[in-house]
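The structure appears below as structure tokens.
Residue numbering restarts at 1 for every chain, and letters A, B, ... go by the order of the sequence lines. Everything numeric in this text was worked out from a predicted model, so none of it was measured.
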Amino acid sequence: MGVNLSVSLGSLRLKNPLLLASGCCGYGLDMEPYLDLERLGGICLKGLSVKGSEGNPPPRIWETQGGMINAIGLQNVGVETFLRDKAPHLRSRRTAFVANFYGHSVDEYVEAARMLDGEPCLSALEMNISCPNIQEGGIQFGTDPASVRRVTEACRSATSKPLWVKLSPNVADVAAVARAAEEAGADALTCINTMPAMAIDVERRAFRISNKIGGLSGPALKPVAVRVVYQASRAVKIPVVGIGGISTAADALEFLLAGAAAFQVGTALFVDPGCPYTILEGIAEYCARHGIENVTDLVGAVQDGAPMPRCHE
Amino acid sequence: MGVNLSVSLGSLRLKNPLLLASGCCGYGLDMEPYLDLERLGGICLKGLSVKGSEGNPPPRIWETQGGMINAIGLQNVGVETFLRDKAPHLRSRRTAFVANFYGHSVDEYVEAARMLDGEPCLSALEMNISCPNIQEGGIQFGTDPASVRRVTEACRSATSKPLWVKLSPNVADVAAVARAAEEAGADALTCINTMPAMAIDVERRAFRISNKIGGLSGPALKPVAVRVVYQASRAVKIPVVGIGGISTAADALEFLLAGAAAFQVGTALFVDPGCPYTILEGIAEYCARHGIENVTDLVGAVQDGAPMPRCHE
Amino acid sequence: MALRTYRVVDNDRTGPYSTLTLQGEVAASEPGQFYMLRGDWGADPLLGRPISILGEDVEDGTVRFLVKEVGEGTRRLCALEPGAAVFGLGPLGRPFPLPPPGAAPVALAGGGVGVPPMIYLAGRLSAKGLPFRFFQGARTAADLLCLEELAGAGTEPVLATEDGSLGLRGLVTEPLAGRLGEFSAVYACGPEGMLKAVQALCAGRVPSYLSLEARMGCGYGVCLGCVVPVERNGRRTYERVCAEGPVFEGEAVRWA
Amino acid sequence: MALRTYRVVDNDRTGPYSTLTLQGEVAASEPGQFYMLRGDWGADPLLGRPISILGEDVEDGTVRFLVKEVGEGTRRLCALEPGAAVFGLGPLGRPFPLPPPGAAPVALAGGGVGVPPMIYLAGRLSAKGLPFRFFQGARTAADLLCLEELAGAGTEPVLATEDGSLGLRGLVTEPLAGRLGEFSAVYACGPEGMLKAVQALCAGRVPSYLSLEARMGCGYGVCLGCVVPVERNGRRTYERVCAEGPVFEGEAVRWA
Ligand SMILES: Cc1cc2nc3c(=O)[nH]c(=O)nc-3n(C[C@H](O)[C@H](O)[C@H](O)COP(=O)(O)OP(=O)(O)OC[C@H]3O[C@@H](n4cnc5c(N)ncnc54)[C@H](O)[C@@H]3O)c2cc1C
Ligand SMILES: Cc1cc2nc3c(=O)[nH]c(=O)nc-3n(C[C@H](O)[C@H](O)[C@H](O)COP(=O)(O)OP(=O)(O)OC[C@H]3O[C@@H](n4cnc5c(N)ncnc54)[C@H](O)[C@@H]3O)c2cc1C
Ligand SMILES: Cc1cc2nc3c(=O)[nH]c(=O)nc-3n(C[C@H](O)[C@H](O)[C@H](O)COP(=O)(O)O)c2cc1C
Ligand SMILES: Cc1cc2nc3c(=O)[nH]c(=O)nc-3n(C[C@H](O)[C@H](O)[C@H](O)COP(=O)(O)O)c2cc1C
Ligand code: FES
Ligand code: FES
């Protein structure tokens, strides 16, 4: 068919627009029984922090209609152990690894970015800003443009690798947050992280997960994610990486058409670890059928008239 | 069984905690082939505005996994026509009717509230604040505590009926919005309205609904709504009316346990107009089985430890 | 009225079509009305699907539908096995107004999944001794539906296929156009293109009744999701396909 | 490994239990391993359900499971008709470590949906000529599972019911306690209460291997959703039931 699936995110070229989402594919190697990592656009690794974290006590996950809630608590081995024990195994794989990282203060973010900056196997760093800022009363970094700007700027000067900022959907005006990240030097935006959510076991009158609140992911979240991708990609010039509920080629195409230059697959991997192949085949088939030579021609290609948002309902 | 299902929302007493949600039961009368309105706690009528609205062009709805997106565009006959043609038929029904209303400026809100204030069949007024404020660049009233306070205060002085404020989930800090509404004189908070969402037809490369963005409702939204109810009810002293994806008694009980003093059923009416009966029977059965005499004993009764929100994921 | 549980007693599958016979509490309906149908699955897909009544036997408690698989909801409906549960709300919507006794024959034009309600209408007209002619159009012979029912309906149907593989070659509106003068009214249900052609053909000459499709939320008038623009007495408004329709006078319909 | 499509070739239902036989590409497994199973439904429910292997015939391409209906996912699995498609990922997880040849007999303790993997283990031990004794506990006689398979397994099982309606009256750990000295190891799978009792009983006396349950996201180690606290060499950490487990040494398990 000769469809060209490769995409560029700024200076970073990917074989195709599909990446595995952070937290849904471990440190990459756990996927190898199921996927040839070199056939993927890239792999976003489980969120890392300077000191690592043992994560939240169980239960950590609960299923909801069309989705799931998780509060893993960002369990991770810590940057140092990652660099020592995991990264060396990744270096031989010819694919783009993206290190997802977080902190509870600007300093922790900066230190993680600085430590990861030297690792040759990493093609980019992805900042998870949906974390409570412990120095500022536990409000999430990602919910306020000023603090997004501050933490992004700080990390920007700590690394020369492409820096992606992963946005939370839990904001009133995602365009403002997107612009703040762009102005602070982000190379790309990942949209979206999970949505804060809760479930209660009515028989036991207890929270379904130990942390009470967790993050909603999966197909239930998709329409919110497509909307955020559309709004964010129209607010900035840097590329947007779409994510949220993608399970099929049609889902992925929705994100590309809405404005995503690439996309990530998370929860769908739990249901079928081989779904990236099906998605990529479906995209190639769609392009061939529609006479599209370069998948990049689809980016933001939804027929869009004048922006005229009226009331919902 | 002798379970007492009646609840009080401030000065307003309801036969039971179940209300039909605004926009999902017309002006009440459309439900009469399916439901005896007098067996319900109350009925929230389709959102009214001073001048009425013809609504958005079709297509107006789209189904998503576990939910649906709508952009009806708040089609309504206008307050005057409502008062003249619809309200007289409601007066004979012994149930609580709640007029949902909206505007595009503070003045429009106030005028609608003032006009509705005199109608005897109305037990309360519910403000839909998920509307773009045309005088302030189209930002929704409901997304910023200051404008919530302003519009609520203005309506507060325009009516002596109980005033409910219906919150949008699309905010970073719902507790702040909830407190603003409470301080401005709201008698109750309805949580939540729909979540902005989008869907694209990839074959036609066109938006699924004419307004591009619509509101997500239904089971997919439920875990977000439960979380908002939990957060809002812990932030204020006034009662919270829970709503979002309730289809079964277990769903409704989740909202009560999370902190809702009453709840509304919307999208589930589309799937089964008789579901309020099933839900009420299920709640009575649950109370009987758990030895609960008053449904109000369930409100906020989830086992809650110290508030210790950690990272998700 | 209430959502009722039906059992599939028969599912006759041919290609993408299933003729489903459901058993349960069946309220008497009129041709043109529909049910909202849903199987016993979870919240995906969530909403019922509007499906026209093909026929019913109120005493037996059976009602029949012809469903074409076009997406997830219809795929699942078409795959139901005998014994499976189906939740149905109906009959819903305003039916075709029947011609007055003694009127000149009426034309029935059906295409695709617009054929089933026309079959129901044909049967009702036959039973009342009201004269009609049935026109059915399709892409190929294989896409023509309900040919046995039509053969039994008393009058010879006029068939047209785009590829000429059965009946006349071309669109079904062509033979209809040629004979329009014979009819006191035209009733149509089918793809939008066909309905538009019928509307244009009849405009100012003979009353037409078009049964429209729209994506539906509730099916019974409360969500305002299914509206189409109509113009009555020079005033343009939105009307609900599920409540004011699905049958509209051709003169009023404005299309979205 | 990949998610594969299987066909239901048999579904033997008794009360809330279904013994499902699936046909497709079956990779050789070990007792204690499981599959993530899901039917051909939409996104509700979304995730597969972990179900232990009851038995398999790799050459025939069949694998068997015993599923108890406790919620929506198992309700749908139990309702599958022969011919229906099931998506399965497996075998997953670490199996029970087999006793070394020549070891003293081992005890197998199963309760509820913990019985199926123990049946598989019993069959494997028999085939290898390794001696064992099977203990099964349940609330009533009607809740005892797989009695025919057990009868065919060579050694007389020890049965206990809480109401005494079959076998000994009381918990299954009581007869096990009395005979603990006979065994070189105890293998257990069942409700948490039973596993805790086995753990306590064996502590410091005989090695125990407990197969744990947890709510699972992925089933293959990437989501970190299924962890349990364990303690090894004085260090407490979380380990994944799907990857380091489901079988853990009793000495290490700390419970949530
Ligand atoms: C009053 C009425 C009567 C109907 N009678 C019948 C009938 O007797 N037999 C029958 O098979 N079908 C009938 N239909 C159409 C049927 O309701 C739709 O085909 C069905 O809802 C599609 O659902 P789905 O989940 O299979 O498709 P989806 O997965 O929801 O959609 C698949 C594709 O089909 C398109 N589509 C879906 N619904 C419609 C629609 N209503 N109009 C146009 N395009 C659509 C979508 O845009 C989408 O691209 C009727 C519709 C109405 C409104
Ligand atoms: C390794 C492993 C092997 C298993 N083997 C079998 C087997 O062979 N046969 C079998 O029938 N079941 C087995 N199970 C249990 C089975 O996976 C669960 O019963 C199933 O996931 C429940 O899904 P559901 O949708 O029916 O219930 P849901 O609707 O999801 O839940 C219903 C209720 O059951 C409770 N529940 C659900 N899952 C679990 C669980 N894993 N542990 C405790 N409580 C739970 C929930 O809290 C809820 O209240 C196994 C579990 C594991 C982890
Ligand atoms: C179990 C789980 C763990 C996750 N861990 C992380 C993480 O460590 N860092 C991060 O930025 N996002 C994390 N996420 C969020 C996902 O990367 C993704 O943004 C979200 O799940 C929405 O996409 P999906 O619907 O495709 O899963 C996690 C999600 C899940 C379900
Ligand atoms: C078709 C439709 C129309 C709605 N119209 C209104 C409205 O007029 N005013 C309002 O405040 N909310 C409106 N809503 C929002 C609902 O009242 C409710 O807040 C939301 O749908 C979530 O609840 P649910 O999941 O039970 O539907 C509408 C929702 C739907 C689906
Ligand atoms: S489908 Fe709801 S009003 Fe017509
Ligand atoms: S279930 Fe995902 S890590 Fe175990």
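Within the 4.5 angstrom heavy-atom criterion, atoms from both the backbone and the side chain of D:Met1 approach chain A. Heavy-atom distances place no part of A:Pro59 under 4.5 Å from chain D, backbone and side chain included. Heavy atoms of D:Leu89 lying under 4.5 Å from chain A belong exclusively to its side chain. Within the 4.5 angstrom heavy-atom criterion, atoms from both the backbone and the side chain of A:Leu269 approach chain D.
Put simply, the side chain of A:Leu18 reaches to within 4.5 Å of the side chain of A:Val265, judged on heavy atoms.
In terms of heavy-atom pairs under 4.5 angstrom with chain D, the leader among A:Gly274, A:Gly218, A:Pro58 is A:Pro58. Per-residue counts of heavy-atom pairs under 4.5 Å with chain A were compared for D:Gly217, D:Gly42, D:Gly221, D:Gly48; the largest is that of D:Gly217. Counting heavy-atom pairs closer than 4.5 Å to chain A, the top residue among D:Val228, D:Leu3, D:Leu46 is D:Leu46. Of all the listed residues (D:Cys226, D:Ala2, D:Gly219, D:Pro45), the one sharing the greatest number of non-hydrogen pairs under 4.5 Å with chain A is D:Pro45.
Among the candidates D:Pro95, D:Pro91, D:Pro117, the single residue satisfying the side chain to side chain contact (heavy atoms under 4.5 Å, CB included) test with D:Ile53 is D:Pro91. Evaluated for a side chain to side chain donor-acceptor pair (under 3.5 Å) with D:Tyr120, the options D:Arg64, D:Glu30, D:Glu56 yield exactly one hit, D:Glu56.
Here CD1 of A:Ile209 is found 5.5 Å from CD1 of A:Ile69. Values are rounded to the nearest 0.5 Å.
With sequence neighbours left out, D:Ala203 forms a side chain to side chain contact (heavy atoms under 4.5 Å, CB included) with no residue at all.
The two residues A:Ala112 and A:Val79 have their closest heavy-atom pair at CB-CG2, 4.2 Å. Between D:Val241 and D:Ala214 the shortest heavy-atom distance is CG2-CB, 3.8 Å. D:Cys218 approaches A:Phe270 most closely through the heavy-atom pair CB-CD2, 3.6 Å.
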Enumerate the inter-chain donor-acceptor pairs under 3.5 Å for chain D and chain A, one line per pair.
from, atom 1, to, atom 2, distance (Å)
D:Met1, N, A:Pro33, O, 2.9
D:Ala43, O, A:Gly66, N, 3.3
D:Leu46, N, A:Glu63, OE2, 2.5
D:Leu47, N, A:Glu63, OE2, 3.2
D:Arg49, NH1, A:Glu63, OE1, 2.7
D:Arg49, NH2, A:Glu63, OE1, 3.2
D:Tyr220, OH, A:Leu269, O, 2.7
D:Leu224, O, A:Arg60, NH1, 2.8

| Residue pair D:Phe96, D:Tyr187: steps toward the ring-ring contact (aromatic ring centres under 6.0 Å, His included) verdict | CA-CA 8 Å; D:Phe96 289 107; D:Tyr187 296 79; 5.6 Å; yes

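Applying the 6.0 Å contact sphere to CZ of D:Arg13 captures more than 12 heavy atoms from other residues, nucleotides or ligands.
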